[in-house]
Amino acid sequence: MQDLHIHIERGPYTVDWIEQFIEKAVNMQMDEICLLEHSIRFKDFHPTFKEAREYSLYQQKWFDGKAKTAHTLDEFKNLISDIRSRSYPIKVSFGLEICYFEQHEETISNLTKDGFFDYLIGSVHWIDNWTFNQRKYQWLGKDFNKIYKRYFEIENSLVKSDLFDIIAHPDLIRCHSLYPSYDLNDTYTSLCKNVSEHNMRLEMNTSKGLGVNEQFFNVAKEVGVSFSTGSDAHRVEDVGRKIKEVTELINQSSRQ
């Protein structure tokens, strides 16, 4: 069992802090974990948020708050090198969850092309620099159909960039239970085919359920995508959350 989406952001860059995650993962019978950070957590990635910061006063305040506690990639890499020099009863991998912006592919590539990380997870949290998932009221007066269409256009661009190993929570757009008026079957099919063609994995994120919605999951199965499983834990207590259940769901579908 793999939990490939675990955030360490609430503690210091110390071996003791990391080993708390490892201990919990062992107790949850994980075979592999991936410990990571959001790209906003690193000063190196801050240029990719330039337009998002300038989009609104709310987003400026959000970015500036995050920037106050930002690290450098080298600080994270030094911690990773220390952990990699030690032995543990499970496989401990490291990665980044990178906010994808179409206009900043080159910067993202330059920051990750050294191959240091085990997994690069790409996520869409921004639609043309607008944060759609932080506050539901931000959707007031907007065209839901246009939002959905643009969201999946960006997801497809993320996949085609060939920068990432995994596409994180690919139906995050549903986070506020606001939906378009059209059927998404063809949209899901197109994305899943791209994921498969680009040798990526589609994440089954267990932060709020067992991965993507049923329609999306059925399309993914039919297309034959490879899946990744991740708890999206931001606390030690959530490591391995529902990974057994979602792994069984994936395995069951593959036997049918």
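All residue numbers refer to positions in the sequence shown, counting from 1.
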Quick one: does Asp171's side chain have a donor or acceptor within less than 3.5 Å of a partner on Arg174's backbone?
-> no
Do side-chain atoms of His234 reach the backbone of Asp232 as a donor and acceptor pair under 3.5 angstrom?
-> yes
In terms of ring plane angle, is the pair Phe49 and Phe101 parallel, tilted or perpendicular, where the classes change at 30° and 60°?
-> perpendicular
Which value, rounded to the nearest 0.5 Å, describes the distance between Ser181 atom OG and Phe144 atom CZ?
-> 10.5 Å
Test side-chain contact (heavy atoms from CB on, under 4.5 Å) applied to Ile98 and Leu158, Thr112, Ile121, the passing residue = Thr112
Where does the angle between the aromatic ring planes of His125 and His38 fall among parallel (under 30°), tilted (30 to 60°) and perpendicular (over 60°)?
-> perpendicular
Judged by atom type as modelled, is there a donor-acceptor pair below 3.5 Å linking the side chain of Asn194 to the main-chain atoms of Asn156?
-> no
Going by atom types alone, do Tyr55 and Gln60 pair a side-chain donor with an acceptor below 3.5 Å?
-> no
Trp130 vs Phe132 aromatic rings, parallel, tilted or perpendicular, using cut-offs 30° and 60°?
-> tilted
Parallel, tilted or perpendicular: which fits the ring planes of Tyr100 and Phe164, with parallel below 30° and perpendicular above 60°?
-> perpendicular
Distance-only, no hydrogens or angles: does the Thr107 side chain make a donor-acceptor pair with backbone N or O of Thr48 under 3.5 Å?
-> no
So NE2 of His176 and OH of Tyr137: to nearest 0.5 Å the spacing works out to 10.0 Å
Output the distance between atom OG1 (Thr229) and atom CD (Glu32), rounded to the nearest 0.5 Å.
-> 9.0 Å
Rounded to the nearest 0.5 angstrom, the OG1-CZ distance for Thr72 and Arg41 is 11.5 Å
Does Lys193 count as lying over the ring of Tyr188, i.e. NZ or CZ under 6.0 Å from the six-ring centre, within 45 degrees of the axis?
-> no
Does a salt bridge link Lys77 with Asp114, judged by any charged N lying under 4.0 Å from a carboxylate O?
-> yes
Out of curiosity, does Ile33 fall in the hydrophobic cluster containing Phe76 (side-chain heavy atoms, cut-off under 4.5 Å, transitive links)?
-> yes
Do Ser157 and Glu102 have a side chain donor and acceptor closer than 3.5 Å?
-> yes
With a 3.5 Å cut-off and no angle check, do the side chains of His7 and Glu37 form a donor-acceptor pair?
-> no
When rounded to the nearest 0.5 Å, the distance separating CD1 of Ile90 from CG of Asp31 is 8.0 Å
Is there a donor-acceptor contact under 3.5 Å from the side chain of Asp3 to the main chain of Ser231?
-> yes
Any sub-3.5 Å donor-acceptor pair from Gln59's side-chain atoms to Asn129's backbone N or O?
-> yes
Salt bridge or not for Arg241 and Asp238, using N-O below 4.0 Å?
-> yes
Residues Asp64, Lys68: salt bridge by 4.0 Å N-O rule = no
Separation of Trp17 CH2 from Arg10 CZ (nearest 0.5 Å) | 8.5 Å
Indicate yes or no: does Arg150 engage Glu153 in a salt bridge with an N to O separation below 4.0 Å.
-> yes
